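Before any comments, here is the structure.
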Amino acid sequence: MNIPDFHITENSDLAEPYKAFVRQMSDWYNKGELPELAGQDLRFTLELQRQKLESLGLDMQCNIKSEGSTRTNVGGVSFSDRIFTNSIIGGNMNLTRSIGGNQNSIYKNTTDIGLSTVIQNLKTDVQPSASMPLCCPHCGAPSTLGELESGCKYCGSHFLMSELYPKVMNFFVSENEDKTKKNAKNKRELMTFIIASAIPMIIIGMIFGLFAGQSQSPTMNIVSKIFGGLLCGGMIGIMLFVFKKLFEVFALMGKDLRGGGKTASTLFYANKIKKNDPEFSSEYFRDKITSLFKMAVYSKDATELACCKCQCPEKAKDIIEAQLYNFNIDGCKIIDGICDVDVTLYLDCLHYMNGKIKSKSDKFRMRLRKHIKNRTELGFSFSAVSCPSCGASFDARNVKECPYCNNVYLHEEHDWVITDIR
């Protein structure tokens, strides 16, 4: 979903960070090494997913490799605020995902994918405030930009600005159709339908031949029955194959069109929010709701997260992997600068059910809230916030009060929070 607040750019300088992040994601799934380029909220989401998998006795391994050409699609959509520019950089990859439990493999799939990342970088000639909250890339402790440049007060690490950015705020995976595999699969299915239909026709022909008078030799009779069965069964098999493919086409059309019917309302409500917050964008909102949803469904108890004020529904509790396909903004109310938004998320998820992994297309509705009188901050993270009362930096992911002055920290004054999932 796009509104006129972004522009198409050529980001050749982000090609290498993109490739480095792909390698780091493979290392995360296979070796447990958190991606250095990942932003703090993305790191937190990955940690929550790993904890959920471990609680279920599962281990997920993912190998991500370049598919064909190593060229990265560096042209993409960019959107920005006063300090940062977020660029969407993508490329084609080959993903092999295997999931095991109790030393047994229960799921394995290899597919070609499109892997898109949201890479954040400082705007040219912009120097952010030294008091800007930021997590230490080394130890993850909440800090400020000035403290990290002079030395993290927890681990002592020093950082140059070039070492703090760029960083990846989110990533999205979409499956690409492999035409070679699809054609091979269609040929196998067609032959299966023809054989499965021809064999009963041949048997039926033989049975009728036994009770009917025959004017030809037994050998010719057998040959004619086999030929007739093959011809009749082949026609039936082809018809069944065509009907199956038609059903699949209609089902795929329905899957591909998920959320497409409400594009107009999504743009209308996005523009309504933008009138109150000029730096709001639907791309930013998509990234945010995706992160919030994953945090909620991967966590052991969503209500323990400061960004979530509700329980997850039962149908979401067995989700171990979620990828956003599309979203709609269904409604928006703004009263006294407080914005309540209803959204529908269309996702492709992996569920762990009865000891098996199942891939499903899911739809969830969420309600979110934010005080939009405070402008969007692309660099905001619940992992490192600044207390409005005493100015101290702290990790607000699981706390509701400043640990230094005990002032109540209202998360919705600074970013979106979930108030309902259904």
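If you're wondering where the values come from, they're calculated on a predicted model, not measured in any experiment.
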Considering only heavy atoms from C-beta outward, does the side chain of [X] approach that of [Y] to under 4.5 Å?
X    : Y    : value
L164 : L148 : yes
S361 : L347 : no
E149 : H158 : no
C387 : F394 : yes
T96  : N94  : yes
D27  : P35  : no
L350 : K358 : no
R422 : P313 : no

- Message: The test is side chain to side chain donor-acceptor pair (under 3.5 Å); show your working for N170 and D287 and say whether it passes.
- Response: CA-CA 7 Å; N170 214 330; D287 299 345; 4.8 Å; no
Please round to the nearest 0.5 Å and tell me the distance separating atom [atom1] of [X] and atom [atom2] of [Y].
X    : Y    : atom1 : atom2 : result
I319 : C312 : CD1   : SG    : 8.0 Å
K294 : L48  : NZ    : CG    : 12.0 Å
S143 : M132 : OG    : CE    : 10.5 Å
M235 : L240 : CE    : CG    : 12.0 Å
L292 : I289 : CG    : CD1   : 8.5 Å
F327 : R365 : CZ    : CZ    : 15.0 Å

Regarding [X] and [Y], does a basic nitrogen lie under 4.0 Å from an acidic carboxylate oxygen?
X    : Y    : answer
K333 : D340 : no
D342 : R367 : yes
E314 : K317 : yes
R97  : E321 : yes
E412 : K309 : yes
D125 : K123 : no

Distance under 6.0 Å and angle within 45° of ring axis: [X] vs [Y]:
X    : Y    : value
R50  : W28  : yes
R375 : F280 : no
K360 : Y346 : no

Using distance alone, with no hydrogens and no angle criterion, decide if [X] and [Y] have a side-chain donor and acceptor under 3.5 Å apart.
X    : Y    : result
D59  : Q61  : yes
D362 : H351 : yes
S87  : S78  : yes
T376 : D277 : yes
N63  : N30  : yes
D330 : Y269 : no
S381 : D41  : yes
S359 : D348 : no

Are the side chain of [X] and the backbone of [Y] linked by a donor-acceptor contact shorter than 3.5 Å?
X    : Y    : answer
S150 : E147 : yes
T303 : C310 : no
Q24  : L37  : yes
T85  : S80  : no
Y298 : A322 : yes
K272 : C332 : yes
N374 : E413 : yes

Set of side chain to side chain donor-acceptor pair (under 3.5 Å) partners for [X], sequence neighbours left out:
X    : answer
S131 : S129
D415 : Y284, K288
N86  : Q120

Minimum-distance pair of heavy atoms, taken over all atoms of [X] and [Y]:
X    : Y    : answer
T419 : R369 : CG2-CB, 4.1 Å
H411 : A396 : NE2-O, 3.1 Å
F84  : L378 : O-CD1, 3.9 Å
L42  : F21  : CD2-CZ, 4.0 Å
L115 : M93  : CB-CG, 4.1 Å
S26  : I64  : OG-N, 3.1 Å

- Heavy atoms of other groups near D301 CG, more than 12 under 6.0 Å: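 Counting other residues, nucleotides and ligands, CG of D301 exceeds 12 neighbours.
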- Message: Taking CD in E36 as the centre, count heavy atoms belonging to other residues, nucleotides or ligands within less than 6.0 Å. Is the count above 12?
- Response: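 No - once you tally the heavy atoms of other residues, nucleotides and ligands closer than 6.0 Å, there are 12 at most.
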- Query: Do the two ring centres, one from F380 and one from F382, sit under 6.0 Å apart?
  - Reply: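 Here the rings of F382 and F380 have centres that are less than 6.0 Å from each other.
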- Message: Measuring centre to centre across the rings, with the benzene-like ring taken for any Trp, is F293 within less than 6.0 Å of F364?
- Response: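 F293 vs F364: aromatic centres under 6.0 Å.
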- Task: Would you check, one step at a time, whether the test side-chain contact (heavy atoms from CB on, under 4.5 Å) holds for K274 with E279?
- Result: CA-CA 7 Å; K274 189 173 177 62; E279 293 180 345; over 6 Å; no
- Query: Can L134 and T144 be said to form a side-chain contact (heavy atoms from CB on, under 4.5 Å), step by step?
  - Reply: CA-CA 5 Å; L134 201 63; T144 65; over 6 Å; no
- Message: Using 30° and 60° as the class boundaries, would you call the ring planes of Y409 and H414 parallel, tilted or perpendicular?
- Response: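 Rings of Y409 and H414: parallel, under 30°.
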- Message: Between K356 and I106, is the side-chain contact (heavy atoms from CB on, under 4.5 Å) condition met? List the steps.
- Response: CA-CA 6 Å; K356 296 181 179 180; I106 57 176; over 6 Å; no
- Could you give me the CA-CA distance, side-chain angles and deciding distance for I236 and C232, then say whether side-chain contact (heavy atoms from CB on, under 4.5 Å) is met? CA-CA 6 Å; I236 295 174; C232 182; 3.9 Å; yes
